Amino acid sequence: MYSIVAALLLGGLATASGVPYEDYILAPKSRELLPASVHSVNGSVTNARALIQSAGGTTLNGVSSVTYDFGKNIAGLVSLDVGSASSPSAFLGVTFSESSLFIRHEASDGTSDAGLDSPLWFPVGRGTGHYASEKKHLRGGLRYLTLVSNTTATIPVRHLHVNFTAAPTQDLGRYTGYFHSDDELLNKIWYAGAYTNQLCTIDPTQGNSLVHLGSITSDDDIHLPQTDTWWSNTTIGNGSSIITDGAKRDRLVWPGDMSIALESIAVSTGDLYSVQNTLESLLDLQKSDGRLPYAERPFRDSVSFTYHLHSLIGVSYLYLFSGDRSWLSRHWSQYKRAVRWALLSVDKTGLANITACSDWLRFGMGGHNIEANAILYFVLQDAQKLAEQLNDTSSAESWKRTAAKIKSVANQKLWDNQAGLYRDNETTTLYPQDGNAWAIKANLTLSARQSNTVSSALQSRWGKYGAPAPEVGKTISPFIGGFELQAHYLAGRSETALDLIRLQWGFMLEDSRMTQSTFIEGYSTDGSIHYAPYTNDPRISHAHGWSTGPTSALTFYAAGIQLTGPAGVTWRIAPQPGNLTIVDAGFLTSRGNFSTSFQRSARGGYNQFSFQTPAGTTGEVYLSGASGTLVSRDGKEIKLMAGRASGLHGDAWELHTQ
Ligand SMILES: *[C@@H]1O[C@H](CO)[C@@H](O)[C@H](O)[C@H]1NC(C)=O
Ligand SMILES: *[C@@H]1O[C@H](CO)[C@@H](O)[C@H](O)[C@H]1NC(C)=O
Ligand SMILES: *[C@@H]1O[C@H](CO)[C@@H](O)[C@H](O)[C@H]1NC(C)=O
Ligand SMILES: *[C@@H]1O[C@H](CO)[C@@H](O)[C@H](O)[C@H]1NC(C)=O
Ligand SMILES: *[C@@H]1O[C@H](CO)[C@@H](O)[C@H](O)[C@H]1NC(C)=O
Ligand SMILES: *[C@@H]1O[C@H](CO)[C@@H](O)[C@H](O)[C@H]1NC(C)=O
Ligand SMILES: *[C@@H]1O[C@H](CO)[C@@H](O)[C@H](O)[C@H]1NC(C)=O
Ligand SMILES: *[C@@H]1O[C@H](CO)[C@@H](O)[C@H](O)[C@H]1NC(C)=O
Ligand SMILES: *[C@@H]1O[C@H](CO)[C@@H](O)[C@H](O)[C@H]1NC(C)=O
Ligand SMILES: *[C@@H]1O[C@H](CO)[C@@H](O)[C@H](O)[C@H]1NC(C)=O
Ligand SMILES: *[C@@H]1O[C@H](CO)[C@@H](O)[C@H](O)[C@H]1NC(C)=O
C-alpha cells in the first residue's frame with residue numbers, strides 16, 4: 001500500500017521544476033506578456049493576429065481599433081514598437097478592461113469613483129520607435145487591451161507586450177503550496193484564488209492616487225466622465241512588496257481583506273514577506289489611544305471597530321504561519337493597547353456597543369452588533385493564546401472573563417431560536433450573513449447543534465448565484481462568503497461548504513463577464529455585475545484578495561491540514577472531504593512541509609491515506625469514520641480510536657486498515 005500512496009503523491013510532485021501541479025498555476029512564466037488572442041476588430045486593421053505571435057506586424061488603417069485578449073487578468077506596463085506612421089498627427093491610444101463588459105475604444109474601465117479612465121495616448125506620428133507607458137500609468141488589472149487609432153493615418157505596429165509587474169519580489173510560478181482533487185472546478189478555483197492574491201501584491205510605490213477621494217464618492221450619480229487622473233504613483237508602505245485589496249482599484253491596504261487573503265497566501269505562494277510589510281504599514285498608523293486605522297494612507301482615516309480588529313487578526317495569523325516570535329514581541333505592546341481600545345466599547349450589558357459605522361460597506365453597523373461582537377470574541381481568544389506564547393498573561397484572565405460575558409449575553413440578546421440565526425442587533429429582525437458566519441467562526445455558538453442550525457439557515461437563503469448578504473441589500477459578498485464557507489466546515493457540513501464553492505466561486509470563475517482567472521469583489525444576487533455600494537459598475541474590481549476564501553478553506557478543511565501552533569510546531573490533520581474521493585495537498589512553513597494525500601471509496605471509507613509533517617513537531621489526527629493503524633516512516637504505530645489519534649511526532653505517516 002505504501003508504494004501506491006507514494007505513487008499518488010509523486011504524480012503531483014514529478015515535474016521538472018519540483019512544483020506540484022504547476023500546470024494549474026495561472027501566474028505567467030515570464031514577465032513579458034504577449035496577447036493570447038484577438039477579441040475583436042473595428043474598422044480596417046491588417047493582420048491583427050501578428051501581435052499575438054510577435055511575427056510581422058499589424059497595421060491600423062485610419063480610424064479603427066483592435067482589442068486583444070490576454071486570456072486572463074494580468075497587470076503591468078504597456079510597451080509598443082511602432083513603425084513609420086503615414087502622418088505626423090497620428091496617435092495610438094490604449095484602453096484596458098478586466099471584464100468583457102467594459103471593453104471600449106473610448107475609455108478604460110474605472111480605477112476610481114470618477115467614471116471611466118481615459119486612454120493612454122502615444123504620439124506615434126513623431127516617428128518610428130519604442131513607446132511605453134510611464135510607471136505612474138501601471139494598470140493593475142486588465143484582461144483586454146484595445147489599440148485605437150483616431151486619425152486617418154496608417155500606423156504599423158510591430159510589437160506589443162505588457163511587462164507584468166504584480167508580486168514584484170516573487171518567483172511567480174514557484175508556489176510552496178498545492179491542492180489537487182478529483183473535482184476539476186475546485187482545483188481551478190484554488191489556483192485562481194492564489195493568482196488573485198498575486199495580482200493584489202504590488203510594489204508599495206505604486207498605490208492608487210485616489211485624487212478624487214472626498215470630491216466624488218462611490219454612490220454619487222455619475223455620468224461616466226473620462227478622467228486622466230488614474231495614476232498608480234502613491235507610496236503606501238515600506239519595503240519592496242505589499243498586499244493591497246484590489247489589483248486595478250483600491251491599490252491600498254485594508255485590514256478586513258487581509259483576514260481572508262493572508263491565509264490563502266500562506267498556503268499557496270507563502271509570500272509572508274509582503275504580508276509582514278502590509279501589517280507593519282497598518283501598525284505604523286496606530287493612534288496614541290491604541291486605535292488602528294480603517295485603511296492605509298492615502299485613504300482618509302476614520303474609526304472602524306471591525307477593521308481595527310481585523311488588523312489584530314492579521315498579527316495573529318502571520319505569527320501562526322511564520323512562527324516569528326521576535327516579530328510578535330516587537331509589536332506586542334501595540335497589540336495589547338489595541339485590545340484595550342476595543343474593550344472601551346464594552347458597556348454594562350457585557351456587549352460592545354458600536355458607535356462608528358465604518359465596516360466592509362455593509363449598512364447598519366451600530367449598537368450591539370453581532371458581527372462586531374463575534375469578531376471581538378474571536379480576537380479575545382487569539383489574544384489569550386498570544387499572551388501565553390510571550391509569557392505575558394497579566395491581562396489574559398480579564399480577557400477571558402470579558403469574552404465569556406460577550407458569548408453569554410450575545411446568545412441571550414441576539415439569538416433568535418425561531419429563525420435559527422442571530423439578529424443584527426436587538427432592534428431588528430435582519431439576520432446578517434457576516435455576524436452569523438462569524439458567530440460560528442469565533443465559536444460564539446453554544447453547541448455543535450446551534451452551529452449546525454445556523455449553517456443550515458444560511459444555506460437555505462442561497463440563490464442562483466451564491467450566498468446573499470442581506471445586511472447590504474441585494475448583494476453577494478465573496479468576502480463574507482469566505483467566512484460563511486469556513487462556518488459550514490466548522491459546523492461539520494463539508495458537503496455544504498463544497499456546494500457553496502461550486503455555486504458561488506464556480507459562477508465567479510466561469511461566467512463570461514468575469515476574467516476566468518481572478519475573483520471579483522462583489523456582485524448582485526441577480527447575477528449582474530453590480531456591487532450595491534457603488535453606482536459605477538466599471539469600477540468594480542475583478543481581482544480582490546478578500547474573495548479568495550476557498551484557497552485556504554480547501555487546504556485547511558478538505559485536505560485537513562491545520563496548524564495549531566506557530567509555524568506548525570503543533571498541528572491537526574483532520575480532513576473533511578465532503579464528496580471528494582481524491583485529495584492531495586500541502587504547503588510549506590519555516591518548519592518544513594505539511595501535506596495530506598488520500599483516496600476514498602464511493603462509500604466514504606479511506607482506501608489510502610497518508611500525511612507528512614516536519615520533524616520536531618507534534619500533532620493529532622482526526623479521520624472521521626476511519627479505523628486502522630497509523631504507521632510512521634520510522635516505524636511507530638498508533639491505532640485510531642473512533643477515528644482519532646494524538647501524540648504523533650512529525651514524520652511521514654500512512655494508514656494501514658488491516
Ligand atoms: C466602431 O467604431 C466606430 C467609429 O469610431 C464607433 O462609432 C462604433 O461604436 C465602434 N463599434 C464598436 C463595436 O466598438
Ligand atoms: C487623437 O487623440 C489625441 C490624444 O487625445 C488628440 O490630441 C488628437 O486631437 C486626436 N485626433 C483626432 C483627429 O481626434
Ligand atoms: C519591465 O519593467 C521593469 C520596471 O519598470 C523594468 O526594469 C524592466 O526592464 C521591464 N522589462 C521589460 C521586458 O520591458
Ligand atoms: C502622481 O502623478 C501625477 C501626474 O503626473 C502628479 O500630479 C502627482 O503629483 C503624482 N503623485 C505623487 C504622489 O507623486
Ligand atoms: C516606513 O517606515 C518608517 C520608519 O519605520 C516610518 O516612519 C514610515 O511611516 C513608514 N511608512 C509607511 C508608509 O508605512
Ligand atoms: C440595527 O440593525 C439594523 C439592520 O442592520 C440597522 O438598520 C440598524 O441601523 C441597526 N442599529 C444600529 C444602532 O446600528
Ligand atoms: C450605544 O451608545 C450610544 C452612544 O452613547 C447610545 O446612544 C446608544 O443608546 C447605545 N446603544 C445601546 C444598544 O446601548
Ligand atoms: C515562557 O516561559 C517558558 C517556561 O518558563 C519558557 O520555556 C519560554 O522560553 C518562555 N518564553 C518566552 C517567550 O519568554
Ligand atoms: C467552543 O465553545 C464551547 C462552549 O460553548 C467549548 O466547549 C469548546 O471547547 C469551544 N471550542 C473551541 C474550539 O474553543
Ligand atoms: C459531488 O457532488 C456534486 C454536487 O453536489 C457533484 O456535482 C459531483 O459530481 C460530486 N462528486 C463526486 C466525486 O461524486
Ligand atoms: C517541500 O516540498 C517541496 C516539494 O513540494 C520540495 O521541493 C521542498 O524541498 C520541500 N521543502 C522542505 C523544507 O522540505
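Indexing begins at 1, ligand by ligand and atom by atom, following the structure's order. Numbers here are sequence positions counted from 1. Remember, it's a predicted structure, so these values are computed and weren't measured experimentally. Computed from heavy atoms alone, side chains included, the values below leave out hydrogens, waters and symmetry copies.
Residue D182 approaches ligand 10 through these ligand atoms, each under 4.0 Å from one of its heavy atoms: 13 (C). Which parts of ligand 10 touch D499 is read off a 4.0 Å heavy-atom cut-off, strictly below it: atoms 5 (O). Close approach to H368 involves these atoms of ligand 7, each under 4.0 Å from a residue heavy atom: 13 (C), 14 (O). Residue-ligand proximity, L446 to ligand 9, at heavy-atom distances under 4.0 Å covers atoms 5 (O).
Note that atom 11 (N) of ligand 9 has protein non-hydrogen atoms nearby, at separations under 4.0 angstrom.
Here F519 and W546 keep their ring centres 6.0 angstrom or further from each other. Centroid-to-centroid, the aromatic rings of Y24 and H180 come within less than 6.0 Å. For W438 and F378, the ring centers are positioned less than 6.0 Å apart. Taking the six-membered ring where the residue is Trp, the centroids of Y21 and W190 are separated by 6.0 Å or more.
With values rounded to the nearest 0.5 angstrom, I370 atom CD1 is found 10.5 Å from L421 atom CG.
In R502, the part holding a heavy atom less than 4.0 Å from any atom of ligand 10 is the side chain. Neither the backbone nor the side chain of Q381 comes within contact range of ligand 9; no heavy atom lies under 4.0 Å.
Among all non-hydrogen protein atoms, the one lying nearest atom 4 (C) of ligand 7 is T355 CG2, 4.0 Å. Regarding atom 8 (C) of ligand 7, its nearest protein heavy-atom neighbour is N353 ND2, 3.8 Å. When hydrogens are left out, the protein atom nearest atom 2 (O) of ligand 9 is N443 ND2, 2.5 Å; that is the closest non-hydrogen contact. When only non-hydrogen protein atoms are considered, atom 5 (O) of ligand 9 lies nearest to K407 NZ, 2.8 Å.
Screening N452, D499, L500, L458 for a side-chain contact (heavy atoms from CB on, under 4.5 Å) involving R493 leaves a single residue, N452.
Between N579 and ligand 10, an N or O atom pair is found at a separation short of 3.5 Å.
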Cut-off 3.5 Å, no hydrogens considered: what does the side-chain donor-acceptor table look like for residues 345-353, sequence neighbours left out?
from : atom 1 : to   : atom 2 : distance (Å)
D347 : OD1    : T349 : N      : 2.9
D347 : OD1    : T349 : OG1    : 2.4
D347 : OD2    : H368 : NE2    : 2.7
T349 : OG1    : L351 : N      : 3.1

(request) May I have the step-by-step check of side-chain hydrogen bond (donor to acceptor under 3.5 Å, both in side chains) for D526 and S528, ending in yes or no? (result) CA-CA 6 Å; D526 68 8; S528 54; 2.6 Å; yes
